[in-house]
Each structure stands twice: as structure tokens, then as C-alpha cells.
Amino acid sequence: MEHNATITVRAEARREDGECERIAYTVPGAFEQTAAGWAVVYAEPEESGMAGTQTRLDVASGRAELTRAGAVSSRMVFSPGSAFTSLYETPYGRLRASVRAASLRARVGAGGALLRIEYELELGGARSRHDLAVRVRLWEEDEER
């Protein structure tokens, strides 16, 4: 069953040159329990730099899969100890993306869910370290956006 939810995303990226970028945003979305775990779906806001993109995050025991479609298209699989390579498609062209998760922690409860992933990303030859936190808060039935 799908539930309305508030999705808060906090991300930090540290490039090889030491520069650090941080972003945080909160958007409405949907949360559902799946046969394997849980999933979150939301539209990327303007401040993410990916407006016009829908993001889906599927979480199952020890693994998370991030899929984006729209202005930016990509698929990333996070499983600690494993590497995953795919294409990252942007309006400016395609880049080869490789991710290697260092850690993944997920928790789900009656009021929502929390996911934290630490990973390395190689995108078009540039390497960076990332810390991604996604918090899901389910709406009460009578709650408005």
C-alpha cells in the first residue's frame, strides 16, 4: 500500500581536490512497503539541479537501488563491498558512473524510514566521496501538504 510522505534528503560530496558540496531539501513523495523491503518515489526539486527528474529508491536487506528518469537518467546500486557501473545520462551527454558503497544503514518503522549510504563515485573520470541520508516521514490521514 502506498502512503503519502515527506522526503528529506541531505547529501554531502567531497571531491579529490578537497572541495565539499552540501545540499538538503524536503519534498512530498510516496512510500510503500514492497515484497523485498520498501520504496520511496519523489520528484527532484529545482535546488537539486535535476528538476524534471523522478527519483525512485528501492531498499531491501543490505542493498539500495536508486533510479532516476527524466531530465537526468541513471541507475545506481549500493551494496557494501560491491561496485556497480552504469551510464549517467544528462541533457549534456552520457557519462560512465561507477559506485562502491562503503556502508549502508536502513531502518523502517510505523512513522516512516531512514536510509544512510556512504559511497565513492567515479563519474566521467572524476572521483568523489558521498554521504547520503534520506528520511521519510509518513503523513497522517488528515494531514495536508
Side-chain angles (χ1 to χ4, degrees), residues 1-140:
M1 178 177 185
E2 188 173 287
H3 300 277
N4 290 328
T6 300
I7 316 298
T8 300
V9 176
R10 297 187 193 287
E12 179 179 291
R14 187 169 303 278
R15 298 190 315 241
E16 286 181 307
D17 64 6
E19 284 291 314
C20 185
E21 295 178 29
R22 291 182 181 94
I23 187 168
Y25 53 86
T26 299
V27 295
F31 170 87
E32 68 178 308
Q33 295 279 163
T34 64
W38 53 275
V40 174
V41 178
Y42 62 92
E44 290 287 344
E46 191 73 37
E47 62 264 32
S48 74
M50 293 180 279
T53 301
Q54 182 165 316
T55 295
R56 179 179 176 96
L57 186 56
D58 286 281
V59 181
S61 62
R63 182 179 188 271
E65 182 174 332
L66 179 85
T67 307
R68 291 193 168 112
V72 173
S73 296
S74 67
R75 179 173 172 254
M76 295 181 190
V77 176
F78 304 95
S79 180
S82 299
F84 179 81
T85 302
S86 66
L87 288 178
Y88 192 86
E89 298 183 43
T90 73
Y92 311 104
R94 291 179 176 179
L95 298 169
R96 182 177 176 268
S98 180
V99 295
R100 180 178 297 277
S103 69
L104 184 147
R105 294 183 303 274
R107 189 172 74 218
V108 66
L114 179 62
L115 174 68
R116 180 116 186 239
I117 307 171
E118 294 175 344
Y119 65 98
E120 291 182 3
L121 171 67
E122 184 175 333
L123 184 62
R127 290 184 182 199
S128 51
R129 293 174 116 9
H130 296 255
D131 187 354
L132 172 66
V134 178
R135 180 176 298 276
V136 180
R137 185 176 64 83
L138 302 183
W139 294 0
E140 297 297 325

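Only this structure's heavy atoms are used, side chains among them; waters, hydrogens and symmetry mates stay out.
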Qualifying side-chain hydrogen bond (donor to acceptor under 3.5 Å, both in side chains) pairs with a residue from [range], counting only residues at least two apart or across chains:
| range | value |
| --- | --- |
| residues 71-83 | E65-R75 |
| residues 86-101 | T85-S98 |
| residues 109-123 | S103-E118, R116-D131, E120-R129, E122-R127 |
| residues 26-39 | T8-T26 |

field: Those residues that, when tested against A11, pass side chain to side chain contact (heavy atoms under 4.5 Å, CB included) (two or more places apart)
entry: I23, L132

Side-chain donor-acceptor pairs under 3.5 Å in residues 56-64, sequence neighbours left out?
{"unit_1": "R56", "atom_1": "NE", "unit_2": "D58", "atom_2": "OD1", "d": "3.3"}
{"unit_1": "R56", "atom_1": "NE", "unit_2": "D58", "atom_2": "OD2", "d": "2.9"}
{"unit_1": "R56", "atom_1": "NH2", "unit_2": "D58", "atom_2": "OD1", "d": "3.1"}

- request: If a pair satisfies ring-ring contact (aromatic ring centres under 6.0 Å, His included) and one of its residues is in residues 2-27, list it, with sequence neighbours excluded.
  value: none

- prompt: For residues 41-70, which residue pairs qualify under ring-ring contact (aromatic ring centres under 6.0 Å, His included), counting only residues two or more places apart or in two chains?
  reply: none

- line: One should read off an interatomic distance between I117 CD1 and M76 CE, to the nearest 0.5 angstrom, of 10.5 Å

field: Minimum heavy-atom distance A71-T53, with the two atoms named
entry: N-OG1, 3.5 Å

task: Could you list the residues that satisfy salt bridge (Lys or Arg N to Asp or Glu O under 4.0 Å) with R10, not counting sequence neighbours?
output: none

- request: Taking salt bridge (Lys or Arg N to Asp or Glu O under 4.0 Å) as the test, write out the residues that go with R22, two or more places apart.
  value: E12

- line: residues 33-48 vs salt bridge (charged side-chain N to carboxylate O under 4.0 Å, His left out), sequence neighbours excluded, gives E44-R68

